[in-house]
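Read the structure below first, then the notes.
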Amino acid sequence: MTVFYVRKENYPVADKKLLLIDGNSITFRAFYALYRQLDNFVSPEGLHTNAIYTFKNMLDSILKQLEPTNILVAFDAGKVTFRTKMYKEYKGGRQKTPNELIEQLPFVREMLTDLGITSYELDQYEADDIIGTMAKKGEEAGYEVAIVTGDKDLTQLASAKTTVYITKVGVGELEAYTPEHMEEVNGVTPTEFIDMKALMGDNSDNYPGVTGVGPKTASKLIQEYGSVEGIYDHLDDITAKKLKQNLINDRDQAFLAKKLATINRESPVEVSLADTEIQAVDNEKLRTFYERLGFKSFLKELGADNIGEKVEDKNYEYSELTQANLSELTSQKSETLSFHLEMLGDNYHLAQFVGFALKFADELYVSDDVTLLQQAPLKAWLEDAAIEKSVFDLKRTFVGLHRLGIEATGLSYDMLLASYLVNNENNSNDLGEIAHLYQDYSVDTDLDVYGKGKKQAVPATPLLFQHLAAKVSVIEKLKGHLLELLKDHEQDGLYDEVEIPTAKVLAQMEITGVKVLPSTLLELENEFATRLVEMEADIYREAGERFNLNSPKQLGHILFEKLGLPPLKKTKTGYSTSVEVLEQLRSQSPIVDQVLNYRQISKIQSTYVKGLLDVIQPDGRIHTRYLQTLTATGRLSSVDPNLQNIPTRTEEGKQIRKAFVPTDPEGYIFSCDYSQVELRVLAHVSGDENMQEAFKTGYDIHSHTAMKIFHLDSPDQVTPLMRRHAKAVNFGIVYGISDYGLSKNLGITRKQAKEFIENYFEQYPQIKQYMDDAIKMARENGYAETLMHRRRYLPDIHAKNFTVRSFAERTAINSPIQGSAADIIKVAMINMQKKLVELKLKSKMILQVHDELIFDVPKDELEIMKRIVPEVMQDAITLDVPLIADSGWGHNWYDAK
DNA sequence: GAGATCACG
DNA sequence: ACGTACGTGATCTCT
């Protein structure tokens with residue numbers, strides 16, 4: 001049987017649909033869609049394949065949506081075209097297309113041929129012109145025409161018979177440009193769109209239009225006069241003087257731009273409509289092609305007959321361990337093993353044990369009886385430091401085993417941590433999902449195996465055992481590749497000396513937990529409950545009715561409709577009632593303040609008082625989990641509960657901290673935090689002499705900045721307001737400042753904010769240099785990097801959309817700073833833990849809050865902790881400026897300041 | 001399950 | 001002209 005890639009039947013001409021694809025544009029999009037996966041998509045022979053792979057996925061999605069009968073994929077032929085002859089700067093000044101992308105283009109075309117799809121390029125012409133010409137041919141022959149591209153230029157071809165589809169963010173979505181949609185978006189028809197472009201010029205194609213004319217003016221002019229020619233025929237009617245003069249000055253440019261913008265619909269294309277008929281798939285060639293590129297999932301799609309033995313077999317041969325045969329293991333020996341402990345659910349402090357799997361000496365063993373782990377020889381193996389163990393999620397494994405009375409050592413490889421360092425974009429912690437990232441489909445996701453929500457359940461034994469066997473096998477299978485990637489990224493040090501040891505420290509912290517007094521929280525609960533009832537009553541009285549205060553919708557109705565306050569800001573769904581808005585309305589009605597107060601107390605009551613009471617364990621302690629492989633910057637996060645956002649900014653909120661106490665009733669909560677760690681990191685990486693000087697001398701950095709940007713001679717002249725402003729600028733710098741953001745934060749005008757920033761850059765010139773370099777580096781490398789080589793990929797740095805690109809640029813500035821600070825405190829934690837053990841102290845590290853470490857300290861260890869903690873933290877790394885850590889202590893967390 | 005809000009660094 | 005501060009998690013409402 002002949003196989004076609006898409007449905008092929010005999011259609012009458014009227015039902016024929018010609019699909020024209022802009023091959024370069026789609027390949028380009030495909031490349032950047034999986035840009036961060038560049039290193040993971042490499043064929044056995046070393047060719048990058050991310051664009052080819054994504055192209056195929058996009059193609060599938062396009063074909064499914066559009067169901068064409070004929071297809072042509074058009075490619076650009078080369079740099080020299082009739083347009084460059086007309087204007088030699090055409091498309092000049094563009095960034096060079098990466099070689100990793102160029103090398104993939106021929107393979108995209110080869111794949112198309114194998115799939116039975118015609119592709120075509122024409123010397124001297126662009127893909128656009130081929131598409132324009134073929135669309136015309138199609139329309140004339142009575143076909144329905146669909147064009148797919150990532151480039152809005154082609155929308156000028158939209159007509160009653162032709163729809164232009166623009167790919168949206170993500171792989172599959174298309175936005176349909178019909179003539180009607182064009183008018184909605186631009187206010188002009190597809191043909192008029194050419195004239196609009198002629199006036200505006202095109203930055204990315206590098207040709208100018210008329211000075212000072214953007215989309216708004218262009219659209220207005222075209223709506224009025226119909227075309228460029230029309231405008232110049234009626235120049236005298238134009239009243240705006242500047243605009244008129246610009247039009248006169250740039251006349252030649254406008255007419256040239258129109259020629260450049262117009263797609264040539266009469267190109268000498270040698271392809272006929274018959275040539276675009278879909279051909280039979282060449283299965284043999286396609287299979288060879290997929291094998292060559294290492295596309296396992298596509299091979300699978302080709303069907304069982306075609307897969308052969310290339311696709312991984314999901315049937316693992318394993319032995320089931322039982323009480324009866326466990327002793328047979330005793331004679332076995334191995335210096336390394338892979339191990340997986342399966343628990344159902346995220347919270348491994350409480351999760352149900354499901355089973356385990358281990359692999360050593362090429363043998364797979366599985367069991368659903370975790371008590372076997374507590375017996376010989378398994379317990380001894382797990383506790384033997386000389387046996388190196390590979391796992392997925394070291395911390396989870398360590399804590400799980402600890403619950404079984406096993407103190408694991410020799411845990412040396414963690415697939416989850418390795419994968420997070422190599423690429424932290426995908427923050428899944430599912431073994432299956434992560435394996436899939438590396439093109440290994442031999443293990444299913446937990447979602448597929450266990451289901452979710454109410455339907456979550458452990459499957460029948462053979463299925464479960466297969467899953468466990470698959471997991472432990474994949475840990476071992478991908479190990480070499482991941483370790484190699486770490487080396488390539490110069491991340492082996494970060495992995496071995498920072499992340500792996502951090503996981504062990506965190507496991508210890510989580511297991512220790514922190515003692516929280518329910519009695520203190522219960523007292524607060526009563527107090528707040530009374531106050532909340534009173535506040536509610538006051539608000540209802542003021543509002544004249546009862547309503548649900550927690551519903552922003554109902555509150556918005558009361559404030560902005562019933563009471564007639566001015567709605568200052570809107571959200572997607574209605575009026576905004578956020579603090580930002582309410583603070584501005586304070587003076588207008590007493591209800592506003594009442595609502596603000598209510599909100600504050602209500603938050604503390606539900607999230608902290610009640611929330612924490614619910615998670616105190618029978619041992620009287622709270623055991624959070626730190627997520628080590630989640631954030632984009634390398635920080636930790638804390639969940640179930642989050643102990644990194646316990647209130648500190650308001651007095652009522654702070655009360656919560658009184659419930660956090662040391663184990664020893666006479667002991668101390670000891671807290672030590674880095675002073676201005678992010679700014680110090682910035683001073684270091686930027687090498688800015690003025691800022692370094694400030695830190696070296698020990699000035700108050702915000703006052704120092706105030707002196708600098710307000711041109712003062714002495715610190716005495718700095719007013720509190722100046723210092724506050726300077727502080728906001730310092731923070732803003734770290735976030736990748738903008739005048740708008742700063743003005744909003746400080747409630748000043750944009751102009752003032754701009755001035756602050758300009759002064760700042762004048763005074764700290766190397767910081768400006770750092771910011772520019774950070775963006776440049778990210779553009780060149782595709783990622784930003786911390787002091788310890790932690791990466792954050794920033795594919796959006798190439799985005800055309802200003803907002804999207806700007807966000808990536810700010811991230812390029814911020815991530816190395818925030819991330820390096822995160823690296824540093826991790827080192828401090830490791831050294832601190834080591835020190836506690838070395839000195840045989842009973843004090844425990846119990847919490848980390850980004851720049852702060854908190855300890856549970858017995859009474860008689862306070863003095864030594866006061867000496868060693870700040871010292872260890874300050875010595876975690878040597879920078880060009882000193883690191884300073886300040887300590888505080890007390891009989892509860894509230895007093896430890 | 002998404003959106004709004006607000007707690008932290 | 002574009003429309004913004006960087007990084008998180010929990011709770012509540014409402015569809």
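To find a chain, count down the sequence lines: A is the first, B the second, and so on, and within it residues start at 1.
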Q. Under 3.5 Å, side chain of Arg792(A) to main-chain N/O of Ala784(A), donor-acceptor pair present?
A.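 No; zero donor-acceptor contacts below 3.5 Å.
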
For [N], does either OP1 or OP2 sit under 4.0 Å from a side-chain N or O belonging to [X]?
{"X": "Arg792(A)", "N": "dG7(C)", "result": "yes"}
{"X": "Ser637(A)", "N": "dG9(C)", "result": "yes"}
{"X": "Arg810(A)", "N": "dC6(C)", "result": "yes"}
{"X": "Gln818(A)", "N": "dT8(C)", "result": "no"}

Categorize [X] for me: base, sugar-phosphate, or nothing, with a 4.0 angstrom heavy-atom threshold over every strand shown.
{"X": "Leu630(A)", "answer": "sugar-phosphate"}
{"X": "Phe807(A)", "answer": "sugar-phosphate"}
{"X": "Val734(A)", "answer": "nothing"}
{"X": "Leu742(A)", "answer": "base"}
{"X": "Ala812(A)", "answer": "nothing"}
{"X": "Ala632(A)", "answer": "sugar-phosphate"}
{"X": "Glu678(A)", "answer": "nothing"}
{"X": "Ser815(A)", "answer": "nothing"}
{"X": "Glu852(A)", "answer": "nothing"}
{"X": "Gly214(A)", "answer": "nothing"}
{"X": "Arg649(A)", "answer": "base"}

Rounded to the nearest Å, what distance is computed from the [atom1] atom of residue [X] to the [atom2] atom of nucleotide [N]?
{"X": "Arg635(A)", "N": "dG7(C)", "atom1": "CZ", "atom2": "P", "value": "10 Å"}
{"X": "Glu809(A)", "N": "dC2(C)", "atom1": "CD", "atom2": "P", "value": "18 Å"}
{"X": "Leu794(A)", "N": "dC6(C)", "atom1": "CG", "atom2": "C1'", "value": "12 Å"}
{"X": "Leu636(A)", "N": "dG7(C)", "atom1": "CG", "atom2": "C1'", "value": "12 Å"}
{"X": "His850(A)", "N": "dG9(C)", "atom1": "NE2", "atom2": "P", "value": "9 Å"}
{"X": "Arg805(A)", "N": "dC2(C)", "atom1": "CZ", "atom2": "C1'", "value": "9 Å"}
{"X": "Met200(A)", "N": "dC2(C)", "atom1": "CE", "atom2": "C1'", "value": "12 Å"}
{"X": "Lys754(A)", "N": "dT4(C)", "atom1": "NZ", "atom2": "P", "value": "19 Å"}

Considering only the [atom1] atoms, how many Å lie between [N] and [M], rounded to the nearest integer?
{"N": "dG3(C)", "M": "dA7(B)", "atom1": "C1'", "result": "27 Å"}
{"N": "dG3(B)", "M": "dT4(C)", "atom1": "P", "result": "16 Å"}
{"N": "dC6(B)", "M": "dA1(C)", "atom1": "C1'", "result": "33 Å"}

How about [X] and [Y]: does a side-chain donor come under 3.5 Å of a side-chain acceptor?
{"X": "Ser743(A)", "Y": "Arg750(A)", "value": "no"}
{"X": "Asn246(A)", "Y": "Thr211(A)", "value": "no"}
{"X": "Tyr783(A)", "Y": "Arg791(A)", "value": "yes"}
{"X": "Gln769(A)", "Y": "Asp773(A)", "value": "yes"}
{"X": "Glu510(A)", "Y": "Thr624(A)", "value": "no"}
{"X": "Tyr575(A)", "Y": "Glu561(A)", "value": "yes"}

Q | Straight-line distance of Tyr626(A) OH to Asp640(A) CG, nearest 0.5 Å | A |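 It is 13.0 Å, given to the nearest 0.5 Å.
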
Q | Euclidean distance, Leu559(A) CG relative to Leu582(A) CG, rounded to 0.5 Å | A |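 Going from the CG atom of Leu582(A) to the CG atom of Leu559(A) covers 6.5 Å.
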
Q.
Going by the rule side-chain contact (heavy atoms from CB on, under 4.5 Å), which residues pair with Lys570(A) if we only count those two or more places apart in sequence or in a different chain?
A.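 Here no residue qualifies.
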
**Q.** Set of residues satisfying side-chain hydrogen bond (donor to acceptor under 3.5 Å, both in side chains) with respect to Glu545(A), sequence neighbours excluded
**A.**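 For Glu545(A), the residues satisfying side-chain hydrogen bond (donor to acceptor under 3.5 Å, both in side chains) (neighbours in sequence not counted) are Lys562(A).
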
Can you give me the N/O atom pairs linking the protein to nucleotides 10-12 of chain C at distances under 3.5 Å, or say none if there are none?
| from | atom 1 | to | atom 2 | distance (Å) |
| --- | --- | --- | --- | --- |
| dA10(C) | OP1 | Asp640(A) | N | 2.9 |

Q) How does DNA chain C read in dot-bracket, base by base from 5' to 3', with Watson-Crick or G-U pairs under 3.5 Å and | used when the partner is on another strand? A) .....|||||||||.

Q) Can you tell me if NZ on Lys610(A) sees more than 12 non-hydrogen neighbours from other groups inside 6.0 Å? A)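 Counting other residues, nucleotides and ligands, NZ of Lys610(A) stays at 12 neighbours or fewer.
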
Q. In terms of side-chain geometry, is the basic nitrogen of Arg790(A) or Glu785(A) positioned less than 4.0 Å from the acidic oxygen of its partner?
A.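 Result for this pair is no, no salt bridge flagged.
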
Q. Can Lys776(A) and Glu809(A) be counted as an ion pair, charged N to O under 4.0 angstrom?
A.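 Salt bridge flag = no for Glu809(A) with Lys776(A).
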
Q | ring pair (Phe, Tyr, Trp, His ring centres under 6.0 Å) between Tyr760(A) and Phe756(A), worked out | A | CA-CA 6 Å; Tyr760(A) 191 99; Phe756(A) 286 3; over 10 Å; no

Q) Along DNA chain B, 5' to 3', what are the outermost nucleotides having an atom less than 4.0 Å from a heavy atom of chain A? A)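 Result: dG1(B) to dG9(B).
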
Q: Output the residues of residues 743-750 of chain A in contact with DNA chain C, where contact means a heavy atom of the residue under 4.0 Å from an atom of the strand; sort by number or write none.
A: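 Within residues 743-750 of chain A, the residues near DNA chain C are Lys744(A), Asn745(A), Arg750(A).
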
(Q) Does Arg625(A) qualify as a cation-pi partner of Tyr348(A), given the criterion of NZ or CZ under 6.0 Å from the six-membered ring centre and within 45 degrees of its axis? (A)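 Output yes; distance and angle both within limits.
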
